[in-house]
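Okay, structure first, notes after.
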Amino acid sequence: MTTAATTGTAAAADGARALAARGRLRAAINSANPVLFKADAATGEPGGVAVDLATELARRLGVGIDLLVLPSAKVCVAAVGEGEADFGFFAIDPARGDTLHFTPPYVLMEGVYVVRADSAIVSNAQVDQPGRRVAVGAGSAYALHLARELRHARVVDAPGSGKAVDVFLRDGLDAAAGVRQQMRADAERHGGLRMLDGRFMAIYQAMATARNRGAAVAACLDAYVEDVKRAGFVADALERHGVQGAAVAPAGYPRD
């Protein structure tokens, strides 16, 4: 399959050549995202939906792939923005839009709160009260969202998304926030916790590249994401890795 056939436009073909100008692709992979990353239990090799998408893109372009497995979304954003990686996998957020171009989303996830089982907090709206503190992974999409949206409660940074519940428990905070899958797993691991009903935000996961890579590179990644959604590749990857509670995003940009 030619690059032009894969992307469908000559402009995107030019973008593909620019994206893979080094002869290899460099993908920033956030190891703290349990929906998109899953290391092999036996070998420790990186795997998951994001790894599958990065590897498939390299296959289509006929180049090798270097996976930069990093500890948080914040570090991954910096790697892409500073040119250490060609692209990464991030939740769409306006605070990142100055330096990154986001593709249309490929996966929809949900941000939820966890509280102690005996907490007086029973709804998402009750979290945002004076004096309350919420643990959240520093630099994550939901941390950025809550920093804008919470008017009374205070956001407390944890060193990563997988540490939010640990910080919440250690420091006696009122709630922890994160991706539904991570929060469910942490609640089961610790016990004595419960997730609040509903979601406080929809999280649209996209691929992203630095804006200074140019419009052709952006068009290449946009077309690739829409193609792998349409072809069922994303749905197959979610099923293959046993991801529950996440869905393939609809075509185009979110309007939630």
Side-chain angles (χ1 to χ4, degrees), residues 1-9 12 15-16 19 25 27-41 43 45-63 65 67 69 73 76 80 86-93 100-112 140-142 161-162 178-185 195 198-199 201-209 218-256:
M1 180 183 296
T2 66
T3 299
T6 301
T7 60
T9 68
L19 183 63
L25 294 178
I29 306 293
N30 176 13
S31 64
N33 188 323
V35 177
L36 303 180
F37 178 83
K38 184 180 296 184
D40 185 274
T43 67
E45 289 296 310
V49 175
V51 172
D52 287 0
L53 285 169
T55 303
E56 174 65 8
L57 177 59
R59 185 194 69 78
R60 292 187 180 200
L61 300 184
V63 298
I65 182 76
L67 302 174
V69 180
C76 289
V80 174
D86 297 307
F87 59 88
F89 301 84
F90 309 116
I92 296 172
D93 186 274
L100 298 181
H101 164 81
F102 290 103
T103 68
Y106 59 88
V107 162
L108 168 63
M109 302 186 302
E110 295 181 316
V112 301
S140 65
Y142 26 96
S161 300
V179 175
R180 181 178 295 278
Q181 290 82 352
Q182 181 76 57
M183 294 294 99
R184 179 186 296 115
M195 284 196 303
R199 69 191 188 199
M201 71 175 296
I203 302 171
Y204 287 91
Q205 289 286 340
M207 294 179 70
T209 189
C220 170
L221 290 177
D222 289 355
Y224 171 67
V225 166
E226 293 291 24
D227 186 65
V228 290
K229 288 192 298 184
R230 184 171 52 249
F233 184 90
V234 177
D236 289 345
L238 291 171
E239 181 176 1
R240 181 165 55 252
H241 294 291
V243 176
Q244 298 180 348
V248 179
Y253 196 80
R255 286 169 173 77
D256 186 55

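These values consider heavy atoms only, across backbone and side chains, with no hydrogens, waters or symmetry-generated copies.
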Between CG on residue Leu238 and CZ on residue Phe233, distance to nearest 0.5 Å: 10.5 Å

Donor-acceptor contact present, side-chain Glu226 to main-chain Ala251, <3.5 Å: no

Glu110 side, atom CD; Met183 side, atom CE - distance, nearest 0.5 Å: 13.5 Å

Distance (rounded to the nearest 0.5 Å) between Gln244 CD and Gln181 CD: 8.5 Å

Atom of Ala246, atom of Val107 and distance for their closest heavy-atom approach: CB-CG1, 4.0 Å

Shortest non-hydrogen separation from Leu19 to Leu61 and the atoms involved: CD2-CD1, 4.3 Å

Arg60 side chain reached by Val228 side chain, heavy atoms, under 4.5 Å: yes

Leu67 to Ala54 - nearest heavy-atom pair and separation: CD2-CB, 4.2 Å

Considering all heavy atoms, the nearest Ala91-Ala141 contact: CB-CB, 3.2 Å

Pairwise side-chain contact, Phe87 with Leu57, heavy-atom cut-off 4.5 Å (strictly under): yes

Candidates Asn33, Ile92, Val179, Val35 - the one meeting side-chain contact (heavy atoms from CB on, under 4.5 Å) with Gln205: Asn33

Any Val51 side-chain heavy atom under 4.5 Å of Glu45 side chain: no

Over all atoms of both residues, closest heavy-atom pair of Arg184 and Met195: N-SD, 3.9 Å

Donor-acceptor contact below 3.5 Å, side chain Tyr142 vs main chain Ile203: no

Atom pair CG/NZ of Asp52 and Lys38 - distance to nearest 0.5 Å: 11.0 Å

Side chain Thr103, main chain Met207, donor-acceptor under 3.5 Å: yes

Any Cys76 side-chain heavy atom under 4.5 Å of Ile29 side chain: no

Nearest-0.5 Å distance that lies between atom CZ in Phe89 and atom CG in Asn30: 11.0 Å

Distance (rounded to the nearest 0.5 Å) between Asp222 CG and Thr209 OG1: 10.5 Å

Which atom of Val69 lies closest to which atom of Pro46, heavy atoms considered: CG2-CB, 3.9 Å

